[in-house]
Amino acid sequence: MCKKIGNAQLRNHHNQVAELHIVEQAPLLDALWRALDAQPNLTLLAPALGADLAWDEHEVALRLESSETHTAKLIIAADGADSWARTEA
């Protein structure tokens with residue numbers, strides 16, 4: 001028996017038919033925020049709006065609208081399809 005969504009068949013990395021689960025948004029977001037907050041070397045900047053993004057071969061610098069600046073080896077901007085960070089890059 002194959003599990004299908006429309007014409008697509010979902011498979012995991014072992015090419016096995018993947019199990020599907022429906023998860024309510026609020027508990028999922030709560031679990032994600034708690035997991036992120038528990039990471040010792042992760043800085044969450046939320047809510048915050050970017051003003052400028054600059055990078056070189058060693059680091060990226062993010063200046064926020066509050067004039068606060070953060071530097072790191074990696075920046076992850078999860079702000080959707082109309083991403084400000086994507087436009088800046």
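Position 1 is the first residue of the sequence; numbering continues from there. What you see is a predicted model, and the numbers here were worked out from it, not measured in a lab.
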May I have all residue pairs that pass salt bridge (Lys or Arg N to Asp or Glu O under 4.0 Å) and include part of residues 60-77, sequence neighbours excluded?
none

Residues clustered with L74, ILVMFWY side-chain links under 4.5 angstrom:
I76

Backbone N or O of A35 within a donor-acceptor pair of the Q39 side chain at under 3.5 Å?
yes

Walk me through it: do I75 and H70 pass the test side-chain contact (heavy atoms from CB on, under 4.5 Å)?
CA-CA 10 Å; I75 182 172; H70 296 270; over 6 Å; no

Using a 4.5 Å cut-off on heavy atoms from C-beta on, say whether the side chain of L42 contacts that of L36.
yes

Would you indicate whether the side-chain heavy atoms of L45 and L62 approach each other to under 4.5 Å?
yes

Does the side chain of L53 reach to within under 4.5 Å of the side chain of W84, using non-hydrogen atoms?
yes

From Q25 CD over to L32 CG, what is the distance, rounded to the nearest 0.5 angstrom?
10.5 Å

Roughly how far, to the nearest 0.5 Å, is CH2 of W33 from CG of L44?
5.5 Å

Counting only heavy atoms not in D82, do more than 12 fall under 6.0 Å of its CG?
no

